[in-house]
Amino acid sequence: MPVHSSEHFSRQSNDSSFPTLWDELQWRGLIHVSTNEDELRDLLAGEPITYYCGFDPTAPSLHLGNFVQLMLMRRLQLAGHRPLGLVGGSTGLIGDPRPTAERTLNTPEVVAEWVGYLQAQVAKFLSFEGDNAARLVNNLDWTSPLSAIEFLRDIGKYFRVGTMIKKDAVSTRLNSDEGISYTEFSYQILQGLDFRQLFVDHNCVLQTGGSDQWGNLTSGVDLVKRSLGSTVHAIGTPLITNSDGRKFGKSEGNAIWLDEKLTSPYAVYQFWLNTDDADVVDRLKVFTFLTRAQIDELGEAVATEPFRRLAQRTLAFEVTTLIHGEAATLAAIAAAEALFGQGDLAALDEVTLASAIDALPTAIATAGSPVTQVLLDAGLVASLGEARRAIGQGGVYLNNVKVDDDAALIGQSVLHGKFAVLRRGKKTLAGVRIG
RNA sequence: GGCUAGUUACCCAAGCGGCCAAAGGGAUCUGACUGUAAAUCAGACUGCAUCGCAUUCGGGGGUUCGAAUCCCUCACUAGCCA
């Protein structure tokens, strides 16, 4: 288990100005649906309880969508409750029904590898010390020994097909041309089983998750009630959406991952910095531990002096620090200031420039490389044709100077003899090392 | 098992033998305007390339001078019947 120094968590606390934790969670917009509001308010305000949230290994890393869940978990822990971080070694082998299409199954080896990655990520956001230390669990531990007969006799009997079919995730698919396989149809049973197991083993009485998982959350609540006669609870967080209707958590069509190898701290910082004015206050509530007073102040700043982008800067700093730590965040800021600064890039000292370039996707080139090829190598464009088009549209800059000839060579402009900065559009950058 | 409808580019969706690299919408990207914001307007959006070429319309195989469009077959999906 990873152990963090206390300073790692020192900036994190709930806001004591709220009468109860529940009120704060509501104000932050972390609660979209729940089993029983009054009971939950009391439950969370009382003696420590054990709660869990599950993450399925459908990718090698968690992303910003999962980050909402991690924030809620951490807030509950800060209030004294005991978290169980579940990574779904078995549910990940099945896949929950997506509204659009049947999932492609991953091999058990791949899923097992991803389980390890996700566990490490979940662990970063929870404290494993003290009376309410977090624990990691894997549902493969209790699902894998079950035989098909045991599963059908002992668990299946508690599930009514009529109820299962009515769940949104299932009915959406049944009503689509896509249909649904028995495999994915069964998913809700597995997740229900998890809640029952954790209730029995750890007296876990609350499950949190995204509201799109609501059907799966209640599946567990119902199973515990039917099979054991006990009442347990669930909280569904809202789906985070952008005010303009675009999907939250994507940048240029790519998900923002929590793994720095997949999404650099620089890219994470840039993502948050570019938050719309209309959304920034909501984001501050959900994704930072700033107090209500601080957030109100930032909201005021958006209204009165939007051009300073104080709220966006604060949001980007806070979230990037949560995910990657303060050192990486400061480096990302320094890189951004160097690259987006008013000054001439050639005027930057070599050390600053080198570290700024380190923060960007980079390509290796020679002085004689065509700019179009380097654009492609750096991932700024998808093809040479697109590179030429971008140049033709006046959207490509080499060291902040517009490239107007699609036959231009990198070597025409090199910084400190070994670097160049390529930019596409206003803010998509790549570093080039001359080798 | 039978019958019917369907499978088109990132998503939705036209096309029903040549004028189809394939209408339209959305998403995305770029330009202008800005605050590394939004809204708006303009352009791009299979790849390579000097109005040309190559690869696409679920997979495979045919018919034809020529197919996304017709035929056969396989796979998958939905609905109805058994």
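Convention: sequence-line order gives letters A, B, ...; per-chain numbering from 1.
- When the side-chain nitrogen and oxygen atoms of A/Ser383 are compared with OP1 and OP2 of B/C48, one or more of them lie within a distance under 4.0 Å.
- Taking a pair to require two hydrogen-bonding distances under 3.5 Å in either a Watson-Crick or a G-U wobble arrangement, B/U64 remains unpaired.
- The separation of B/C12 from B/A39, taken at their C1' atoms, amounts to 25 Å, rounded to a whole angstrom.
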Practice problem: Begin with the C-alpha distance, continue with both residues' side-chain angles, and end with the deciding distance and a verdict on salt bridge (charged side-chain N to carboxylate O under 4.0 Å, His left out) for A/Glu24 and A/Arg75. | Solution: CA-CA 10 Å; A/Glu24 175 167 4; A/Arg75 285 186 194 285; 3.7 Å; yes

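- Across B/C19 and B/A67, the matching P atoms stand 11 Å from one another, rounded to whole Å.
- The aromatic ring centres of A/Tyr269 and A/Phe317 sit 6.0 Å or more apart.
- Summary of the strand contacts: A/Gly395 and A/Arg388 both lie near RNA chain B, and taking for each the nucleotide with the nearest heavy atom, the more 5' one is attributed to A/Gly395.
- Note on A/Ala382: nothing from the nucleic acid sits closer than 4.0 angstrom, heavy atoms only.
- With A/Tyr397 as the aromatic partner, A/Arg423 meets the cation-pi criteria of under 6.0 angstrom to the ring centre and within 45 degrees of the ring axis.
- The side-chain tip of A/Arg292 points at the ring of A/Phe18 from less than 6.0 angstrom away and within 45° of straight on.
- Only the C1' atoms considered, B/C76 is 15 Å distant from B/G60, to the nearest whole Å.
- The side chain of A/Arg424 lies closest to B/U30 when the candidates are B/U36, B/U30, B/A37.
- A sub-4.0 Å separation between OP1 or OP2 of B/A37 and a side-chain N or O of A/Lys427 is present.
- With a 3.5 Å ceiling on both atom-pair distances, B/U50 lacks any Watson-Crick or G-U wobble partner.
- Taking a pair to require two hydrogen-bonding distances under 3.5 Å in either a Watson-Crick or a G-U wobble arrangement, B/U7 pairs with B/A75.
- Side chains of A/Ser90 and A/Thr143: a donor on one and an acceptor on the other come within 3.5 Å.
- Closest-nucleotide positions on RNA chain B for A/Phe307 and A/Leu384 were compared, and the one nearer the 5' end corresponds to A/Phe307.
- Nucleotide B/U30 holds its P atom 11 Å from the OH atom of A/Tyr397, rounded to whole Å.
- Summarising the base pairing, B/U40 is matched to B/A32 through a Watson-Crick or G-U wobble pair whose two defining distances lie under 3.5 Å.
- When the side-chain nitrogen and oxygen atoms of A/Thr428 are compared with OP1 and OP2 of B/U30, one or more of them lie within a distance under 4.0 Å.
- Among the protein residues, A/Leu310 comes within range of no part of the nucleic acid, since none of its heavy atoms lies under 4.0 Å from any strand.
- Using C1' as the reference atom, B/U50 and B/U30 are 24 Å apart when rounded to the nearest Å.
- Nearest nucleotide to the side chain of A/Arg389, out of B/A37, B/C48, B/C45: B/C45.
- With hydrogens and angles left out, the side-chain atoms of A/Asn139 and A/Thr91 include a donor and acceptor closer than 3.5 Å.
- Nucleic acid contact class of A/Glu178 (heavy atoms, under 4.0 Å, all strands): sugar-phosphate only.
- The CZ-P distance, from A/Arg283 to B/A38, rounds to 13 Å in whole Å.
- When the C1' atom of B/U36 is taken as reference, atom CG of A/Leu429 falls 9 Å away, rounded to whole Å.
- B/A75 atom C1' lies 15 Å from atom CD of A/Glu102, rounded to whole Å.
- For the P atoms, the distance from B/C16 to B/U69 is 12 Å, rounded to whole Å.
- Using N1 to N3 plus N6-O4 or O6-N4 for Watson-Crick, or N1-O2 and O6-N3 for G-U wobble, each under 3.5 Å, B/A27 pairs with nothing.
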